[in-house]
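Just below is one structure, and these are the notes that go with it.
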Number of protein chains: 2
Amino acid sequence: MGRPSRFDTDALVETAITVAARGGPAAVTMVAVARAAGAPSGSLYHRFPGRPALLAAVRLEALADFQEGLRAVLAVADPLAAATGAARHVVAWSRTRPDRARVLLYSPVDFEVERWPVAERERMERGNARSGAALVGIAEALRAPEEAAGPALERTRMAVVDLPLALVRRHLSGGGEIPAEAEDAAADAAYRLLAPRP
Amino acid sequence: MGRPSRFDTDALVETAITVAARGGPAAVTMVAVARAAGAPSGSLYHRFPGRPALLAAVRLEALADFQEGLRAVLAVADPLAAATGAARHVVAWSRTRPDRARVLLYSPVDFEVERWPVAERERMERGNARSGAALVGIAEALRAPEEAAGPALERTRMAVVDLPLALVRRHLSGGGEIPAEAEDAAADAAYRLLAPRP
DNA sequence: TGGTTTTTAGAGACACCCCTCTAATAATGG
DNA sequence: CCATTATTAGAGGGGTGTCTCTAAAAACCA
């Protein structure tokens with residue numbers, strides 16, 4: 001099998017994630033990650049064809065981890081419970097995995113998606129499509145009889161993803177931590193946004 | 001008065017804003033902005049002592065423009081109307097000034113606030129304090145009798161600032177535009193979040 | 001043991017950026 | 001018209017980053 005590796009891919013991605021969490025995607029350079037991992041740059045290039053691939057690995061790791069849990073929560077039968085649970089999950093996940101959450105607070109553009117290798121870009125689109133489909137299901141179940149599909153989806157996405165992430169953003173950007181109460185706040189807000197009008 | 005200037009400070013800040021909107025704070029380098037403005041880098045250094053000062057100018061211009069309008073809307077007498085109006089304003093402002101909005105979607109850390117000249121940092125803190133005070137007033141007026149001050153402020157800030165900005169973020173990050181309906185969505189969501197429970 | 005394979009190790013070419021510094025330029029005031 | 005002054009113009013040093021390429025190291029396998 002040849003010489004055993006001193007730095008395995010997962011560990012390198014992990015340090016790249018902490019670098020990204022601390023300094024944003026711009027700080028994720030090949031040299032910076034190599035230095036942080038105590039590896040020579042050659043070892044990095046041995047695993048990632050270039051910086052775009054490294055950025056993709058960082059983003060995809062965070063995204064997959066996030067979406068996996070989200071989809072599990074969204075699978076609950078009662079749509080309102082699924083939605084409030086998902087809102088709570090977004091905050092809870094971010095609280096326990098702040099570095100990965102910080103990665104997700106940046107936009108795809110910041111991670112230079114347009115330069116990613118095609119395989120990685122497709123992997124991201126597949127993940128987004130799967131989660132998007134789960135969300136559409138919930139939105140449809142919650143939709144008021146007279147409401148159009150578009151606005152209903154908008155409202156659901158806002159309650160389940162955007163609003164919790166906004167909460168997370170305010171706490172994390174600035175170096176702080178997320179308080180436990182934020183989970184309740186997210187769930188409560190989602191309920192208010194999605195419960196049928198009185 | 002000496003030789004008249006070919007590039008005035010405001011115009012340079014303006015091009016810096018479009019550079020920042022397109023490529024994020026990382027793209028705002030002295031050379032990049034100089035190139036975009038068609039000016040030699042020396043002209044830039046003549047007006048800004050260095051990159052941190054340029055980043056500060058970009059951020060402060062966007063922030064001042066945003067907060068000015070926000071405070072005006074928050075000054076409305078009825079607190080619930082002020083809050084929903086403010087939420088609407090955040091989206092409306094972002095819709096008409098997408099480049100400035102894009103600048104505000106990044107965190108202070110991304111703009112390297114810690115390296116700014118002190119004067120600029122203080123100017124930012126003063127602006128934040130003023131807007132924060134206006135928000136505290138609204139939050140206090142909206143607070144339910146049995147609610148504590150902290151959570152009430154959290155809820156108000158979320159409805160008035162975070163959630164509208166989250167909406168804006170989804171549309172702007174990715175290069176798109178903000179649809180006009182988003183203003184209604186923001187105002188509606190703010191109402192649902194802040195109106196007294198049935 | 002000796003060949004094969006995988007990986008580390010790091011030097012080096014090239015590009016870009018920050019910033020300094022010196023000249024040249026073009027207006028104004030006496 | 002000349003001195004003054006604000007500004008443009010851009011060359012160049014020093015630093016850092018990307019990526020390539022060669023050599024050595026360290027395991028496995030026959």
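Values below: every heavy atom of this structure, side chains too, minus hydrogens, waters and symmetry copies. Order of the sequence lines fixes the chain letters, A, B, ..., with proteins taken first and strands second; residue numbering starts at 1 for each chain.
Using a cutoff of 4.0 Å between basic side-chain nitrogens and carboxylate oxygens, B/Arg143 and B/Glu140 are scored as salt-bridged. At a threshold of 4.0 Å, the pair A/Arg155-A/Glu147 counts as salt-bridged, since one of the basic side-chain nitrogens sits closer than that to a carboxylate oxygen. Residues B/Arg59 and B/Glu112 are not paired through a salt bridge, judged by the lack of any N-O separation under 4.0 Å between the basic side chain and the carboxylate. Taking the charged nitrogens against the carboxylate oxygens, A/Arg88 and A/Asp184 do have a contact shorter than 4.0 Å, which makes a salt bridge. Salt-bridge check for A/Arg100 with A/Glu14: passed, with a basic side-chain N closer than 4.0 Å to an acidic carboxylate O.
Ring-plane geometry between A/Phe111 and A/Tyr106 is classed as perpendicular, the angle between the planes exceeding 60 degrees on a 0 to 90 degree scale with a lower cut at 30.
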Can you build the contact string for nucleotides 8-24 of chain D? Use B for base contact, S for sugar-phosphate-only contact, and - for no protein heavy atom under 4.0 Å. BBB------SBBB----
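A/Glu114 CD: more than 12 foreign heavy atoms inside a 6.0 Å radius.
Listed by residue number, there are no residues of residues 13-26 of chain A with a heavy-atom contact under 4.0 Å to DNA chain C.
Per the geometry, CZ belonging to B/Phe48 stands 18 Å off C1' belonging to C/dT20, to the nearest Å.
Here the side chains of B/Ile138 and B/Val160 are not in contact, with every heavy-atom distance at 4.5 Å or above.
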